[in-house]
Amino acid sequence: MTSSQASSTSVEELELPLSAGFLRAEGISRSFRGVKALAEVTLEIPRGRITGLIGPNGAGKSTLVNILSGYERPDIGSVAMNNVDITRQTAHQKSRSGVARTFQHGHLFRSLSVLENVQVSALANGSGRRQAQRTAVGILDRLDLLPWGGLSAGHLPHGVERRLGVARALATAPEYLLLDEPAAGLNDGEMENFRNTIHSISADLNIGVLLIDHNMRLIFAASDYIYVLAGGQNVLQGDPDVVRSDEKLATSYLGTIASTLAKPTS
Ligand SMILES: Nc1ncnc2c1ncn2[C@@H]1O[C@H](COP(=O)(O)OP(=O)(O)OP(=O)(O)O)[C@@H](O)[C@H]1O
C-alpha cells in the first residue's frame, strides 16, 4: 500500500479494532527475602477494555502492579507494551511510555488543591503550564470533580479522594491505567458512579484498565475479563461468567473470600 492510499483510508474502512494494543506481563516471578510473591504469572491488559484482577490477601496483586508500573523489577519475566519490551524501564519512564497507576493509599499532595494535584501530574509528564491547566480542568470535568477543584486535597471525603487519585493518573495521558483497590471504602452509590466512570474511561478514551479490588460485585460488573491469582500464581482466568461459575472459585477458599467481600459495603 502506498502512503497516499494509507492516508486516505479511515480506521472504519480498514476495520481496525479501536482497542489495538496491549500491556502484557509474561512469566513474572518475584521473591522477597525468600518469600515467593509471584511465580510465573502472565496477564494481558488490552486497550479499551477493563481487566479485573482478584485474589486473596497476599496473592501478589500489588506486586504485579508494582512490576507493571516500574516500582519493582521482576526476578524473571518481562513486561511489554504494544509489543515493545519495557521491563527495565523505571516508574517515570513507564509513566512517560503510557502506563499510569493509582495507589492504595492516596499519594496526593495534601497541601495543594484538587486542581493543582492534577496539574502537577500533567506537568511532571511533560505538559507545559497552559496545557496542564487545560488537561486538568478537562479531567476534573470528566470525573465530576470540578466543584472540588479549588479545595485542599488534604480534607476531602473518601470517595472524592479516590476519584482524585484516578484523575492524577489520567493527567499523564495513559494508554493503560492500573487501579489498585480504587473503590475501597466507597458506599454503594459512590461505587456505581465509580463503575460508570471507569467504563467511560476505557471505552471513550480507549484506555486499557486493570482493576484490582476486593469488592467482587464491582469486579464482576465492571470487568470484560478476569484473572484470579492465589499464592502468587495464575489459578483461573476468563470472562466474568466463566470465572463466576468455575468450581475453583466457588469451592475453594477463594469462594469464601469472594462471598464475604460481595456483601454491600455501606
Ligand atoms: N516489599 C516487600 N517486602 C517483603 N515482602 C513483600 C513485599 N511486598 C510484598 N511482599 C509479600 O509478597 C506477598 C504478596 O504481597 P502483595 O501485597 O503483592 O499481595 P496482594 O495480593 O496485593 O495482597 P492484598 O490484597 O492484601 O493487598 C505477600 O506475602 C507479601 O507479604
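Sequential numbering from 1 along the given sequence is applied to the chain's residues. Ligands are counted one by one from 1 in listed order, and the atoms in each one are counted from 1 as well.
- In terms of protein heavy-atom proximity, atom 19 (O) of ligand 1 is nearest to G60 N, 3.1 Å.
- Applying the side chain to side chain contact (heavy atoms under 4.5 Å, CB included) test between L211 and each of I226, L218, T51 identifies L218 as the sole match.
- For atom 21 (O) of ligand 1, the closest heavy atom belonging to the protein is K61 NZ, 2.8 Å.
- Here the protein heavy atom with the shortest distance to atom 12 (O) of ligand 1 is A37 CB, 3.3 Å.
- Of the protein's non-hydrogen atoms, the one nearest atom 17 (O) of ligand 1 is S62 CB, 3.9 Å.
- Taking 4.0 Å as the cut-off, E181 counts as a neighbour of ligand 1 on heavy-atom distance.
- Per-atom contact check: atom 30 (C) of ligand 1 does not touch the protein, criterion being a heavy-atom distance below 4.0 Å.
- Given atom 15 (O) of ligand 1, the protein heavy atom at minimum distance is T63 OG1, 3.9 Å.
- If you number the atoms of ligand 1 from 1 as listed, the ones under 4.0 Å from a heavy atom of H214 come out as 25 (O).
- Of all protein heavy atoms, the one lying nearest to atom 23 (O) of ligand 1 is G58 N, 2.9 Å.
- Residue contact annotation: G232 has no non-hydrogen atom under 4.0 Å from ligand 1.
- Listed by number with element, the atoms of ligand 1 under 4.0 Å from a non-hydrogen atom of P56 are 21 (O).
- Nearest to atom 11 (C) of ligand 1 among the protein's heavy atoms is F32 CD1, 4.0 Å.
- With a 6.0 Å cutoff to the six-membered ring centre and a 45° limit on the axis angle, R101 counts as a cation-pi contact of Y71.
- We find the CD-CG distance between E26 and D85 to be 10.5 Å, quoted to the nearest 0.5 Å.
- Atoms CZ and CD, on R30 and E40 in that order, are 16.0 Å from each other to the nearest 0.5 Å.
- Across every non-hydrogen atom of T172 and A100, the tightest pair is OG1-CB, 3.5 Å.
- Among I76, T87, L38, T42, the single residue meeting the side chain to side chain contact (heavy atoms under 4.5 Å, CB included) criterion with I28 is L38.
- The atoms of ligand 1 that sit less than 4.0 Å from any heavy atom of R33 are 3 (N), 4 (C).
- Distance alone, capped at 3.5 Å, places no donor-acceptor pair between the Q131 side chain and the G128 backbone.
- Here the heavy atom of the protein found nearest to atom 27 (O) of ligand 1 is Q104 NE2, 3.5 Å.
- With N117 contributing its side chain and S113 its backbone, the two residues share a donor-acceptor pair below 3.5 Å.
- The heavy-atom pair separating A169 from T102 by the smallest distance is CB-CG2, 4.2 Å.
- Across the listed options V65, N57, L64, N57 owns the non-hydrogen atom lying nearest to atom 26 (O) of ligand 1.
- Side-chain atoms of V99 and M81, non-hydrogen and from C-beta on, do get closer than 4.5 Å to each other.
- Atom numbering of ligand 1 starts at 1 in the shown order; those under 4.0 Å from a heavy atom of A59 are 19 (O), 20 (P), 21 (O).
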